[in-house]
Amino acid sequence: MTENRLFRWLRPWVFPVVLVGAFEWYARRAAALGSDALAPPSAAAKAFVGAAMDGSLWQATGFTLGTAALGLLLGAVLGIALGLVLGLSRRAAQLGSVSIEVLRPVPSVALIPLAMLTFGFGVRMELAIVAFATFWPLLVLVQSAVQQIEPRLLEVSRVLGLSARERAFKIVLPAIVPRLFVALRLGVAVALVVAVTVEIAANPNGMGYAMMIAQQSFDPALMLAWLGWIGVVGFAVNAGMLLLQRVVARGMGVPS
């Protein structure tokens, strides 16, 4: 049993280890042929330790995560609230359908020039773009989840004379908890991707900016270290969301 558990735990790591080993061999071979465009993962690991020791890693990571979290919070509050309204009211959904379908396809990065003119460089610009990017998937997924609730549950809430607020918190939200967390996990991924993208393109702060500076300084080892670290941060945040989903669902008596 112990060996089987160990094998199940190690199995997901086989492909990443093989991939890193293959990249190490390829980068060393390219360096031997005179190319300095790539750095092996071993060099990236040394650069990562250096960034961690001088504090730049934690400062940039804190900025990106903080901005992404605040932007996600703003987008989630607005998206979930409007999604509940549109999901419960067919008339509201019809009134808002055209506006949603026109605005939703707009790429969030296309708003960078407008956000720069409105907010300038810095946190507020990044917050606005992250909130815009996360608002739409949460709105659409929450609206869809509400529309798929068993109609008899809503009929019972009307018979009991529940107010709209009581209906939302006692009937609707518990019924959509699993799908709501799927939407939030998607929102977390979108928030991190958009935050890093904005930092690469326009905001002189955070992990994206640090990676761009490493590239412009012709330091491929540090650039690869930042790229790998962004992936690790995304993995850790997603794992945290899964844990939170199980805790909340268990507390509400809903299967996770």
Side-chain angles (χ1 to χ4, degrees), residues 13 15-17 19-31 35-73 75 107-116 119-134 185-241:
W13 298 97
F15 180 73
V17 169
L19 187 63
V20 169
F23 190 78
E24 177 82 18
W25 171 82
Y26 180 78
R28 288 182 178 275
R29 185 172 181 272
S35 174
D36 58 355
L38 294 175
S42 56
K46 293 180 182 178
F48 173 82
V49 172
M53 294 295 290
D54 65 24
S56 60
L57 180 80
W58 314 117
Q59 182 179 4
T61 302
F63 181 90
T64 300
L65 287 180
T67 308
L70 288 174
L72 174 62
L73 178 63
S108 56
V109 292
L111 295 180
I112 291 178
L114 177 61
M116 288 174 61
F119 302 109
F121 291 98
V123 175
R124 291 192 301 165
M125 177 198 67
E126 191 169 332
L127 276 177
I129 297 174
V130 171
F132 178 87
T134 55
R185 285 172 58 199
L186 176 61
V188 165
V190 170
L192 183 60
V193 168
V194 171
V196 171
T197 303
V198 172
E199 290 162 2
I200 291 174
N203 192 8
N205 295 286
M207 294 190 290
Y209 180 71
M211 186 169 64
M212 185 187 70
I213 291 299
Q215 179 265 326
Q216 293 178 348
S217 302
F218 300 100
D219 191 347
L222 183 58
M223 183 183 68
L224 183 62
W226 279 111
L227 183 61
W229 177 242
I230 291 170
V232 170
V233 169
F235 177 84
V237 170
N238 183 67
M241 286 298 298

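The shortest non-hydrogen separation linking Ala39 to Phe23 is O-CE2, 3.4 Å. Pairing each heavy atom of Asn205 with each of Glu199, the nearest pair is O-CG, 3.0 Å. Across every non-hydrogen atom of Met212 and Ile200, the tightest pair is SD-O, 3.0 Å. Nearest heavy-atom pair, Ala195 versus Glu126, reported as atom, atom and distance to 0.1 Å: CB-OE2, 3.3 Å.
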Compile the donor-acceptor pairs under 3.5 Å between side chains in residues 216-235 and protein atoms, sequence neighbours left out, one pair per line.
unit_1 : atom_1 : unit_2 : atom_2 : d
Ser217 : OG     : Ile213 : O      : 2.8
Asp219 : OD1    : Leu222 : N      : 3.3
Trp229 : NE1    : Thr61  : OG1    : 2.8

Start with the C-alpha gap between Val130 and Val198, add the side-chain angles, then the distance that decides, and say whether side chain to side chain contact (heavy atoms under 4.5 Å, CB included) holds. CA-CA 9 Å; Val130 171; Val198 172; 5.6 Å; no
Please walk me through it: do Val196 and Thr64 pass side chain to side chain contact (heavy atoms under 4.5 Å, CB included)? CA-CA 7 Å; Val196 171; Thr64 300; 4.1 Å; yes
Determine, step by step, whether Ile112 and Thr197 satisfy the side chain to side chain contact (heavy atoms under 4.5 Å, CB included) criterion, reporting the C-alpha distance in whole Å, the side-chain angles of both residues, the deciding distance to 0.1 Å, and the verdict. CA-CA 10 Å; Ile112 291 178; Thr197 303; 5.5 Å; no
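Remark: Thr134 OG1 to Ile129 CD1 distance equals 12.0 Å, nearest 0.5 Å. Here the straight-line distance linking atom CZ of Arg124 with atom CG of Leu70 works out to 14.0 Å at 0.5 Å rounding.
Around the CD atom of Gln59, the shell of radius 6.0 Å holds no more than 12 heavy atoms that belong to other residues, nucleotides or ligands.
Using a 4.5 Å heavy-atom threshold, the side chains of Val188 and Asn238 count as separate. Residues Val109 and Val194 have side chains not in contact (no heavy-atom distance under 4.5 Å, counting atoms from C-beta outward).
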